[in-house]
Amino acid sequence: MSPADARPVTPTVDRHGFWLRTLLMYDLVFVGMTAVYLVAVLTQAEGFADALVAVSTMLVLALAYALVGRRAAQRGSARLADGYLAVLVVVVVVQVANGDIGSVLLFLAYTQIWFFARTRVAGVVWAVALTVAITVAAVLRIGATGQQVTEIVAQFGTALMFAVVLGLWITQIAEQSEERAYLLEELSAAQDALAASHHAAGVVAERERLAAEIHDTLAQGFTSVVMLAQTASVELARDHLERVGARLESIEDVARDNLAEARALVAAFAPPDLQDGTLADALTRLAARFGAETGLRVDVVDEAGDTAGAEAQVVLLRAAQESLANVRRHADATHVTLRLARVGPEVVLEVVDDGRGLAGDVREGNGLRGMRARADAAGGTLDVTAAPGRGTRVRLQVPAGSS
């Protein structure tokens, strides 16, 4: 396919739509002009025969309009429209041949032609055909010769010129109206598609957010429960009942914390640890729980004070939770330090352990990817530094925001 073929094609003008939108107006025009014409005929007819011909042919035209013309407009049928225009031309020719007053009917005839003609060319052809036919009828009616023929041709030629100019102008307006209607429909459809796309993207983003929240909170809590239960089983097998009791208490505490986290997620609240106290307080409680579960020494150093906004606090707390979970799973460390600091308009969290570090070819897991996504969403940065045998440092820097 060539580039030219790939370009969007301008849609064909929907004449049917124009007919449907303007049919009532043209009904009123037809009724009004027909009534005016019949009154003129009845008041100026030279005899009963002339009046009878005029009235009967107008009755034929009215029936043709009601049974054929309107149906053509309602159904969008070009065949019915052409059939009605043929009847219209015949009736007008008969009226002109019947008397001078028949020329008044041209106002209605040209209007009807440009309404029912599907294209500009068709409108011009029908207008020319009608003008030629009535010119011949007028010439034959009075037996015109020489100068009279010239006058009749000039009269109807002028009428044709104005009819064509006016018809082309009306058709252009109609087509522009139809094209605007089409563009509005396309715009509405595009807006609907865009709204659906935004909704789908929002659903995906919300799912990703919930997945990250569950991974950083509930999944880690359940991991702690499993590890504590396994430890309790070992202690029970060794008849260390006091230690078993301590482990069961820890399991209960972790389960309660997980329940609170789950309720917070459902209610879209801030993490429970942040509802009472500062971010440093939440990190201290997190460090205490982690130390009790793992036996590691965890220090919290607060150099930032209570300066982080609500959004930044959530991001930093989740990063601390995920970093400690990674220490538990991978680091084989004995000491971890959580440090909060304020650097200009940003708050920095560093999680440093003295574990085994990471090899250079280790790929990031879901936890680090989740932290990086949180940092990006908050307008911050995440930096992970690690070397084999030298521990790991996770540094998250986010705008402090409003507290």
Contacts under 3.5 angstrom, residues 126-141 side chains, donor-acceptor by atom type, not counting sequence neighbours:
{"from": "T131", "atom 1": "OG1", "to": "Y110", "atom 2": "OH", "distance (Å)": "2.6"}
{"from": "T131", "atom 1": "OG1", "to": "A127", "atom 2": "O", "distance (Å)": "2.8"}
{"from": "T135", "atom 1": "OG1", "to": "T131", "atom 2": "O", "distance (Å)": "2.6"}
{"from": "R141", "atom 1": "NE", "to": "V96", "atom 2": "O", "distance (Å)": "3.1"}
{"from": "R141", "atom 1": "NH1", "to": "D100", "atom 2": "OD1", "distance (Å)": "3.2"}
{"from": "R141", "atom 1": "NH2", "to": "D100", "atom 2": "OD1", "distance (Å)": "2.1"}

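Evaluation of the salt bridge (Lys or Arg N to Asp or Glu O under 4.0 Å) test over residues 74-84, restricted to residues two or more places apart or in two chains, returns none. Sorted by first and then second residue, the salt bridge (Lys or Arg N to Asp or Glu O under 4.0 Å) pairs involving residues 183-196 (not counting sequence neighbours) form an empty list. Residue pairs that meet the ring pair (Phe, Tyr, Trp, His ring centres under 6.0 Å) test with at least one member in residues 306-342, sequence neighbours left out, do not exist here. Among residues at least two apart or in separate chains, ring pair (Phe, Tyr, Trp, His ring centres under 6.0 Å) pairs with a member in residues 72-96 are Y65-Y84, Y84-F116. Each salt bridge (Lys or Arg N to Asp or Glu O under 4.0 Å) pair with one or both residues in residues 22-40, not counting sequence neighbours, appears once here: D27-R70.
Checked against ring pair (Phe, Tyr, Trp, His ring centres under 6.0 Å), Y37 has no partners two or more places apart in sequence or in another chain. Here D299 pairs with R297 under the salt bridge (charged side-chain N to carboxylate O under 4.0 Å, His left out) rule; sequence neighbours left out. Judged as a salt bridge (charged side-chain N to carboxylate O under 4.0 Å, His left out), and not counting sequence neighbours, the contacts of R120 are E175. Under the side-chain contact (heavy atoms from CB on, under 4.5 Å) criterion, S323 pairs with V351, M371, V394, sequence neighbours left out. Residues passing the salt bridge (charged side-chain N to carboxylate O under 4.0 Å, His left out) test with R393 are E350, D383, sequence neighbours excluded. Under the rule for a side-chain contact (heavy atoms from CB on, under 4.5 Å), the partners of V55 that lie at least two apart in sequence or sit in another chain are L38, L42.
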